[in-house]
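Below is one structure, written out as C-alpha cells, with a few remarks after it.
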Amino acid sequence: MALRSRLFSKPYSALRRVGPTMMANLANQGVVVLSQIAIVPLFISSWGLDGFGTWIVLTAIPTYVGLSDFGLSISAKSDMAIRAARGDLAGARETLSSVLALAAVSLTAFGTVYVIAIFGVNWTTVLSLHTIQESSAKLILAFGLVQIIFYQAFLFSATIIRAAGRPALESSLSALGRGGEVFTAAVVAALGGSLLVAACALACSRMVFSVVIWIIVARRYPELCPAARLVNWQRIKTLVAPSAAYAMMPIAQSIAVQGTTLAVSGFAGPAAAAAFNTTRVITRLGIQLGNTVSNTFVPYYSYAIGHKSGVVQLFKEHFLIIIVTLIGYLAFISLFGKAFLGIVSKWQIPFDGVLFGVLAAAASAEVVFGAVVAIQSAANRVGLLAGAYASLALMVAGASHVLGTQIGIEGVAWLILIANVAMLTVCGFQLGNSQSVLKTN
C-alpha cells in the first residue's frame with residue numbers, strides 16, 4: 001500500500017519524518033496564539049476593556065465546546081490511521097461512516113440542549129455583563145452554535161486526510177481555517193463593527209471553509225469517504241468508550257480554562273476576567289508549544305502501532321523535544337513575560353508577579369502530562385486520564401465559584417496549579433502501565 005511504503009520504507013527516524021508536520025503544527029499554534037494575543041490590542045481599542053471582556057466571556061463556551069466533537073473524530077483518526085497503516089482502507093472507511101452516524105445523533109441532542117440554554121437563561125445577569133443587551137448576547141451564543149457545527153464538519157474531513165498519511169496537510173488546513181476566523185473578526189472590529197457582527201462573521205467564515213474542504217476531500221480521496229451503507233454498529237460499540245473519554249478531555253479543559261474565567265467574572269467583573277484571561281493566555285504559550293510537539297507525534301504513534309514498529313524510538317525523541325521546549329518556554333517567560341503582557345494589553349492590565357508565576361508553573365505541568373495523553377491518544381487509551389482530568393477540572397471550577405470572593409484571583413491560580421500537579425502524578429502512573437504500547441517495536 002502507498003501509505004505503508006511512504007511511512008515505513010526507511011528506518012524509522014521521528015525527527016526526519018515528523019518535520020513537515022511539526023512545521024504545520026507550529027503554523028497552526030501560531031494562528032492560535034495570534035487569535036488569543038495579537039488581536040487583544042485591536043479588540044481593546046475597538047470595544048474597550050469591558051467590551052473585550054464581554055467578548056471573551058460570550059465566546060468562551062462555543063469556542064471551547066467547539067474543540068470537542070464528543071471524542072468521535074479523535075477516536076476515528078487513531079483507528080483509521082492504524083487501519084490504513086495496516087492496509088485496511090475498507091475498515092478505515094467503515095470507521096468513519098460509523099462515527100459520523102453517531103456524531104449526527106450526538107450533535108442533534110447537544111444542539112437542542114444548547115438552544116434551550118441560550119433562550120432559557122438571562123446571560124447578562126448570570127455573567128454580570130453590563131455592556132451588551134441580552135438579545136445581542138443570545139445571538140452571539142447562537143452564532144457560536146453555527147461555528148461548533150461546521151467545525152465538527154472540518155474535524156471529520158481531517159480524519160480522511162490523516163488516514164491518507166497527510167498529517168502535515170491536516171494541520172495546515174486547521175491553521176488556515178482558524179486564520180480565516182481570526183481575520184474576519186479582526187476586520188469587523190477594525191471597521192467599528194459590534195461584537196454581534198464579529199460573531200456572525202466568524203461563524204460564516206467557518207461555515208464556508210468547512211464546506212469547501214469537504215468537497216475537495218471527497219474528490220481527492222473517494223476510497224476513504226463515508227457512506228450510509230457502511231455504518232457498522234459493532235464498530236460504533238468499539239469506539240464509544242474511547243470517544244467518551246476523548247469527549248471529556250476538551251470539555252474538561254473548557255471547564256478548567258473558561259470555568260475559572262467565568263468564576264472570576266462572576267466575583268470580580270468582566271475587566272478582571274479580561275486581566276486574568278490575558279495573563280493566563282500568555283503563560284499558556286508553553287502549552288501551545290508543547291501541544292504542537294505532542295500533536296505532531298500522535299499520527300506517527302498511530303502509524304507505528306499499526307505497523308508494529310518504531311514506538312519506542314518515537315517515545316524517546318518525543319520526550320527529548322518536550323524537555324527542550326519546556327526549558328525554552330521557561331527562559332522566555334522569565335525574561336519577557338512582564339513586557340509581553342504590557343505590550344499585548346497596551347499597559348492597561350497591571351502585572352501581578354504571583355499570578356503570573358503560579359500560572360506559568362501550572363502550564364509547565366500541563367506541557368509534560370500532555371505528552372503522556374498524546375501517547376495514549378494514538379492508541380485510543382485515554383479513559384483513566386480523561387476521567388482524572390474531568391474530575392480535577394470540575395473541582396477547580398467549583399471551588400473557584402464558591403471560594404472566589406475569599407481567595408481572589410491569585411487563589412484561583414493556585415487551585416489550577418494544584419490540579420495540574422495532581423494530573424501530572426496520574427499521568428506518571430499511567431505511563432508506567434503503558435508497556436503494552438511502548439513495547440510495540
Side-chain angles (χ1 to χ4, degrees), residues 3 6-8 10-34 67 73-82 84-85 154-155 158-179 246 249-250 253 284-307 309-329 363 366-382 385 427 431 434 437-438 440:
L3 173 61
R6 181 164 63 248
L7 290 176
F8 303 108
K10 300 178 181 179
Y12 204 95
S13 173
L15 293 178
R16 180 174 58 210
R17 297 184 186 279
V18 306
T21 306
M22 182 78 74
M23 295 303 297
N25 276 335
L26 283 172
N28 193 15
Q29 291 301 322
V31 172
V32 172
V33 171
L34 285 174
L67 298 179
S73 79
I74 304 175
S75 62
K77 282 180 182 179
S78 295
D79 184 85
M80 291 172 67
I82 291 172
F154 169 74
L155 290 177
T159 65
I160 297 175
I161 298 171
R162 181 173 297 188
R166 304 292 299 277
L169 176 61
E170 174 193 345
S171 296
S172 298
L173 290 174
S174 180
L176 184 61
R178 290 179 184 274
Y246 288 127
M249 295 296 285
Q253 185 178 59
R284 286 177 64 85
L285 286 173
I287 298 175
Q288 304 290 1
L289 291 173
N291 287 343
T292 298
V293 173
S294 294
N295 290 339
T296 296
F297 277 83
V298 169
Y300 295 94
Y301 276 122
S302 294
Y303 299 146
I305 292 169
H307 191 262
S309 174
V311 178
V312 171
Q313 180 67 20
L314 278 170
F315 174 78
K316 292 177 179 178
E317 296 182 1
H318 179 189
F319 270 83
L320 174 61
I321 299 175
I322 283 292
I323 292 172
V324 173
T325 299
L326 187 57
I327 292 173
Y329 155 72
E366 190 168 341
V367 169
V368 179
F369 77 64
V372 180
V373 172
I375 297 171
Q376 303 302 317
S377 174
N380 275 341
R381 300 179 181 179
V382 294
L385 300 183
C427 285
L431 187 60
S434 299
V437 175
L438 296 179
T440 302

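The shown structure was predicted, so the numbers you read here are calculated from the model rather than taken from an experiment. Computation of the quantities below employed the complete heavy-atom set of this structure, encompassing side-chain atoms and omitting hydrogens, waters and symmetry-equivalent molecules.
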Minimum heavy-atom distance between Cys427 and Val372, given as atom pair plus value: O-CG1, 3.7 Å
Heavy-atom side-chain proximity of Phe297 to Ser302 below 4.5 angstrom: no
Nearest-0.5 Å distance that lies between atom OG1 in Thr21 and atom CZ in Arg166: 10.0 Å
Those residues that, when tested against Phe154, pass ring-ring contact (aromatic ring centres under 6.0 Å, His included) (two or more places apart): Phe209
Donor on one side chain, acceptor on other, Tyr301 and His318, under 3.5 Å: yes
Inter-residue atom distance Thr159.OG1 - Ile74.CD1, 0.5 Å rounding: 11.5 Å
Side chain to side chain, Tyr303 and Leu314, heavy atoms closer than 4.5 Å: no
Glu366 vs Val373, side chain to side chain contact (heavy atoms under 4.5 Å, CB included): CA-CA, chis, key distance, verdict: CA-CA 10 Å; Glu366 190 168 341; Val373 172; over 6 Å; no
From Leu176 atom CG to Leu169 atom CG, the distance as rounded to the nearest 0.5 Å: 10.5 Å
Stepwise side chain to side chain contact (heavy atoms under 4.5 Å, CB included) test for Ile375 and Phe319: CA-CA 11 Å; Ile375 297 171; Phe319 270 83; 3.7 Å; yes
Check: Asn295 side chain, Asn291 main-chain N or O, donor-acceptor pair, under 3.5 Å: yes
pair Ile161-Lys77: side-chain heavy atoms closer than 4.5 Å: no
Distance (rounded to the nearest 0.5 Å) between Glu170 CD and Leu155 CG: 9.0 Å
Ile322 vs Ser294 side-chain heavy atoms within contact, under 4.5 Å: yes
Leu385 side, atom CG; Gln376 side, atom CD - distance, nearest 0.5 Å: 6.0 Å
Side chains of Ser73 and Tyr246 in contact at under 4.5 Å (non-hydrogen atoms): no
Ser78 side chain vs Ser377 backbone, donor-acceptor pair below 3.5 Å: yes
Worked check of side chain to side chain contact (heavy atoms under 4.5 Å, CB included) between Val367 and Tyr329: CA-CA 10 Å; Val367 169; Tyr329 155 72; 5.6 Å; no
